[in-house]
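Single-structure report; data block below.
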Amino acid sequence: MLAVMVLLNLVLAAQVAPDGTAATWGSAVAAPGQRAHGYLPVPGGDEDVPPLPVTVIRGAKPGPVVALMAGIHGAEYVPILTLQRLAAKLQPETMRGTVVIVHIANVPSFQRRTVYYGPDDWKNLNRVFPGNASGTPTERIAHVLTHEVFDRVDAVVDVHCGDGNEALSPYVAFIANAPDPSVTERSRAMAMAFGAPTVKPLWPDFAGPTRYTSATATARGVPAIGVEWGGEARASPEELNRVEAGLLRVLKQLGVVAGGAAAPGKPRFVTWSESVMSPVHGLFTPGVRPGQRVEAGARLGEIKDAFGRTLAVPVAPFTGVVLYVVTTPPVNPGEPLVSLGQVTNTLPAQPAVAPPRAPPVVLNHFYVVLPAEAFASLRALDFLSDGFAQVDGGLPAFKVPDASAQVLYVRGQDTYLELLGPGNAFGEPVGKVGVGLSVEQEGTLSRLAGPLRTALGQKVHQTRTRRKFEGRGEVPWYDALYREPSAPDTSLDLWVSEYLPEFFQALYPDRPWSAHDVSRRALLGPRFKPERLLRNVERISLELSPRRAHTFIRELVALGYQQVSSPGDVFALQGEGLRWQVREAAQPRGLLEVGFSLNRVKTGPRVYDLGHGAKLEFSKDAPEARWVLANGRRRAVP
Ligand SMILES: [Zn+2]
């Protein structure tokens with residue numbers, strides 16, 4: 001009974017071509033009982049966009065109007081070839097309603113064989129809906145599909161497969177939170193009728209632009225499904241048969257084609273899915289296959305640079321099934337490597353709770369050991385403590401350092417610098433840099449250990465450091481993850497820490513504090529004065545040996561840093577509020593430059609000469625400064 005009522009609704013909702021008249025899409029005009037080919041133009045804009053090839057198959061009897069679309073991504077050939085064949089097979093004289101087939105929705109991408117993006121504007125068509133009539137070519141195609149297809153039909157089937165570079169395990173997706181619940185119900189029925197082994201309900205946010213085809217049609221009151229079957233720029237007869245059979249079942253379920261629509265087998269359902277993105281430019285070797293079940297923390301593959309050095313070893317963020325995986329070498333920051341889904345045997349009523357993820361890391365502080373002259377000139381610079389930052393000799397009293405001090409703590413709002421002289425108490429050699437990253441959320445440090453261990457292929461230890469406080473004895477200070485070095489490192493140490501609340505309780509016994517605030521500001525906040533300039537460290541440039549540069553990049557990538565474009569031979573990585581610029585050199589100079597953000601634009605002197613080319617330099621119109629170091633600078637031969 002319900003099925004009959006749904007069918008009745010669809011018949012009543014048909015918006016075009018009343019009984020006995022022709023159905024028209026662009027130049028394709030089909031009278032009842034006829035099939036017509038033609039083109040749907042993409043008007044407007046400066047650049048010509050080829051019209052979209054469409055076939056209109058108008059049933060002899062009235063019924064719903066159904067759009068079948070392929071080629072939203074031009075290198076997805078299973079959909080394009082299936083619809084080419086189906087357009088010839090459907091029999092208008094025995095059909096009810098109308099099927100409009102968009103054979104190749106993204107003609108520029110198809111003709112120029114691009115993956116993901118349109119060749120003219122490098123935009124992903126399935127991310128720009130509802131489109132823009134006066135936008136770029138890709139945006140104009142989206143606009144035409146929204147208004148000339150979605151707005152004129154009763155149901156949409158958007159057929160995809162893995163893109164030209166992706167292998168995929170078949171699934172059908174539908175929007176499970178359509179603004180109109182009856183649209184969700186009709187979409188779900190279409191998805192079930194298709195008969196894919198996996199069904200993926202989606203819960204998009206309808207607050208902003210709808211971006212995707214199915215979300216756009218759904219938001220406009222039109223039930224829709226997205227089919228994914230095949231990939232890797234191939235199309236086997238078996239795949240064409242399976243997709244065609246699924247589409248025919250959907251057309252039967254909608255009442256367009258006569259016959260029963262029983263789907264083969266019972267599908268599994270995706271409760272949560274996520275794409276693991278590439279953090280870097282590089283060459284990817286997949287370590288998993290579509291449909292494979294992987295455990296949380298398992299290696300998904302490996303990304304190397306052109307020289308064969310490993311840059312990243314992505315890991316599964318949760319236990320799930322591989323929905324698709326990139327199978328050709330090129331990968332770029334922010335593009336998917338693997339899509340992973342959690343699956344269950346019953347259709348979930350709502351999305352699963354997001355699995356816990358690795359926390360972002362921030363710069364807690366860094367230290368650098370300076371040559372004697374460089375250290376002396378900074379210690380003698382009154383401005384350092386007189387306006388730039390708090391300068392002290394360390395915990396627990398934050399005393400003003402005296403003239404023989406071999407350590408200066410330079411503290412800003414969000415981070416601090418630990419400047420060491422050659423006679424420092426830690427015995428660290430001149431030129432050595434130590435980078436202390438930290439997590440801001442209590443109890444999250446250990447989540448980084450697995451990815452770090454997998455990425456580095458090395459032991460990673462979590463240690464607890466304590467500190468003596470007068471009258472309290474040993475107090476837990478911080479936990480930290482350290483990579484086990486193969487030999488003591490004289491150029492660069494990196495660790496990640498998490499403060500422990502007991503430490504702040506001991507350090508600031510008289511101040512109000514939150515038991516769970518383990519952030520950088522829990523340390524620096526009580527010392528901070530807004531009239532001082534230093535806010536944060538935003539950029540650090542380092543020159544390292546090729547070997548150390550490479551492991552440093554791997555460490556940062558494993559901690560969530562992402563490669564960004566940079567000039568020349570600099571490898572740049574962006575993380576939470578901090579950019580690293582790493583350069584390789586046979587005789588590396590270590591720390592080259594540090595970029596600061598300030599609480600305001602500095603007035604008065606803008607350059608402080610620190611000798612031997614080193615300087616502290618302030619922008620005249622931006623709240624920014626940079627510290628240029630001269631340590632180990634190679635001098636031109638006279
Ligand atoms: Zn696609």
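Start at 1 and go down the list; that is how both ligands and their atoms are numbered.
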*Any N/O/S atom of Asp163 sitting less than 2.8 Å from the Zn ion (ligand 1), backbone or side chain?*
no
*For His73, the option from Asn106, Asn124, Val115 that meets side chain to side chain contact (heavy atoms under 4.5 Å, CB included)*: Asn124
*Where does the angle between the aromatic ring planes of Trp229 and Phe194 fall among parallel (under 30°), tilted (30 to 60°) and perpendicular (over 60°)?*
tilted
_Among the N, O or S atoms of His73, which one sits nearest to the Zn ion (ligand 1)?_
ND1
_Lys/Arg-Asp/Glu bridge criterion (N-O < 4.0 Å) met for Glu239, Arg242_ = no
*Does Lys200 come within less than 4.0 Å of Glu228, counting only side-chain N to carboxylate O?*
no
*Tell me, which N, O or S atom in His160 is closest to the Zn ion (ligand 1)?*
ND1
